There are 2 protein chains.
Amino acid sequence: MDIRSLRYFIAVYEERSLSAAAKRCFVAQPSISTSIAQLEDDLDAKLFVRHSKGVSPTDNGTQLYPHACKMVGDLSAMRNLFVDSPTPLSLSISLTPFLSGSLISQVIKTMLNKIPGLTLNLVDESESADLRFTCGRYTTEEDIFYPLWEDDYVVAMPLDHWLTDFASISIKQIDKQPFISRTPCDILESWNYLMQKQGLTTDIRAQVKTEEYALDLVAAGLGISLIPEHSSRGRNDLCLRPLNDVKLKRVVGLAHRKEQSFPAHLINTILTAKQQLKINKSVIEPKLA
Amino acid sequence: MDIRSLRYFIAVYEERSLSAAAKRCFVAQPSISTSIAQLEDDLDAKLFVRHSKGVSPTDNGTQLYPHACKMVGDLSAMRNLFVDSPTPLSLSISLTPFLSGSLISQVIKTMLNKIPGLTLNLVDESESADLRFTCGRYTTEEDIFYPLWEDDYVVAMPLDHWLTDFASISIKQIDKQPFISRTPCDILESWNYLMQKQGLTTDIRAQVKTEEYALDLVAAGLGISLIPEHSSRGRNDLCLRPLNDVKLKRVVGLAHRKEQSFPAHLINTILTAKQQLKINKSVIEPKLA
DNA sequence: CTAGTGGTCTAGTTTTTACCTATAGCTTGT
DNA sequence: ACAAGCTATAGGTAAAAACTAGACCACTAG
């Protein structure tokens, strides 16, 4: 019976779903599941009935909800007992769907942990926001950019492709291969230049707009493609291999306009979040010759 | 900033001492120390000033105290939201000072954890109480006794004693040794009988009333003595050795009068507490021949 | 002045808890 | 029947909290 359980409870109650609550709390779904089960055990009362499309609160759950809200509210009020200016810092951050959700979660989680009273509003990249997750290449002189991690471009191919026999792949092996091209792509020009320089060509079978669609086509066997590594996580229907003679990458981070200023501890938090990031590489990098 | 920290804070505030709070919360003192430090860090405010005879609350600490109490109170109120009969179970338990504090702590801790809303009143053995920690030998037909652990009698001797060379000791080696006798002692008769049977004697140098005093005399080099193992924990100024040809022990547990009845889950909790006990033997038991 | 005592803090280790991934089982909609 | 979406469980890993041992300080008594 701790505060964390109550926070999760509130999220579940409001979302009417464990999975949605998990997303909102930036944790995995089983954490919510066990935490709610434990709370039900402590209180000796079922709080939700589970069904196929989520959960609905029982009478007990409905009764508990306002108490839980008050509790959590009181606790965060206590935080601010000794701060002179309450400064209820509120930020909007825009996300692009093709960036690694796992890494972005980690960053947002440390921000929420380290900055008491921070409320975040996550919006789509189309909307304007105080901060945005983006690639270094998409920032201008008007921006300040805090790099967070690097995303290597790797070759994505169907599971049964003959190139899977190689632990890493040379750009020459891609010559004349069926290829899924993707625009916009921030390394398209570099890629084309590299191919031309070596007199190589690809057999472009499809031209798509999003990484996810490109991955679907690769999995379907239409060809191979070049995709940032972290975008293709969690798919076991295709195979990734690093390039061994060229290294293409993008730098992902947080950017904001130069004019905009933020409290120093926010910036510090971004930097420490970078330190603490746990990056699970799914492919083993070859040593560049 | 969780509830546990606030509980510790309340204990420290009321006791004006970290060590006293630790005793009250049944944890070791460094746990309180780090927890308070962490709370001060979270709130960004010193809560206590430390000095040589404990701590005193700062203005911030005094200000926080009522909030903390309310918080903890509200939370335990929430526990009882869905229980029909509030049953604020309140028990008194009497302790005898010579039983192992560490093991008793463990039992009490699991009782407080498993039985929500339980309040315990620990009193001295001279006072009457609902339950008492005692040895099986001291219970009568009028009692119900729940055994919790066994306490082996071991030989206590000064660190430089020649018997320390033996990993375990035979009763015959004790013949004619300087000995500290202790009364009352629940195995005194068995001991005397065993010695007589083998025609052995001891050279009784002192006759004392408490185990602690006996241990002090042993440490001072006046002689050796026979002491329940768990009573001599945490003393590094003497040396313990098990007996290898006779096994003397006492059974420690909780007793209450037959007339008195308790809710079933209390009894269950006592039994699970017994299961979960972690008994660190300080001497290695020999296999009895 | 020195040794002993009582109290807090630090370091290193172990235990416990929380979390994640993977996967199973269930229900619903196609 | 199958795929999709949701929750529950199992097993392993990482973080948090606990304990032990010992350092350090201030006070007290001899």
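In what follows, chains carry the letters A, B, and so on, assigned in the order in which the sequence lines appear, proteins first and then strands, with residues in each chain numbered from 1. Because the structure is a prediction, the values reported are computed rather than measured.
With sequence neighbours excluded, the residues that form a side-chain contact (heavy atoms from CB on, under 4.5 Å) with A/V72 are A/L6, A/R7, A/I10.
B/E15 has a carboxylate O that lies under 4.0 Å from a charged side-chain N of B/R24, or vice versa, which qualifies the two as a salt bridge. B/R250 has a carboxylate O that lies under 4.0 Å from a charged side-chain N of B/D151, or vice versa, which qualifies the two as a salt bridge.
Within residues 33-44 of chain B, the residues that have a heavy atom under 4.0 Å from DNA chain D are, in order of number, B/Q38. Looking at residues 48-61 of chain B, you'll see B/S52 sit with a heavy atom under 4.0 Å from some atom of DNA chain D. Residues from residues 14-24 of chain B with heavy atoms under 4.0 angstrom of DNA chain D: there are none.
Taking 4.5 Å as the limit, some side-chain heavy atom of B/S56 sits within range of a side-chain heavy atom of B/H51. Side-chain contact between B/S168 and B/R241 is absent, with no heavy atoms from C-beta onward closer than 4.5 Å. Side-chain contact between B/F48 and B/L18 is absent, with no heavy-atom pair separated by less than 4.5 Å.
Residues A/Y146 and A/F133 place their aromatic rings such that the two centres sit no closer than 6.0 Å.
Rounding to whole angstrom units, CD1 of residue A/I32 and P of D/dT9 are separated by 16 Å. Computed from coordinates, the B/D2 CG to D/dA18 C1' distance equals 14 Å when rounded to whole Å. The CD-P distance, from B/Q29 to D/dC24, rounds to 16 Å in whole Å. Look at CZ on A/R4: it is 12 Å from P on D/dA16, rounded to the nearest Å.
For DNA chain C, the outermost nucleotides in 5' to 3' order that have an atom under 4.0 Å from a heavy atom of chain A are C/dA18 to C/dG29.
Applying the salt bridge (Lys or Arg N to Asp or Glu O under 4.0 Å) definition to pairs two or more places apart or across chains, those involving residues 28-40 of chain B are B/E40-B/K46, B/E40-B/R50.
Ring geometry, B/Y65 versus B/Y13: the interplanar angle falls under 30°, so the pair is classed parallel (tilted spans 30 to 60°).
One finds the OG1 atom of A/T164 at 8.5 Å from the NE2 atom of A/H161 (value rounded to the nearest 0.5 Å). For the atom pair CD1 of A/I108 and CZ of A/F26, the computed distance is 4.5 Å after rounding to the nearest 0.5 Å.
Looking only at distances, no side-chain donor or acceptor of B/S19 sits under 3.5 Å from a matching main-chain atom of B/Q29.
B/Y8 has no side-chain polar atom (N or O) that falls below the 4.0 Å cut-off from OP1 or OP2 of D/dA17.
If you check the side chains of B/S5 and B/D2, you find a donor sitting under 3.5 Å from an acceptor.
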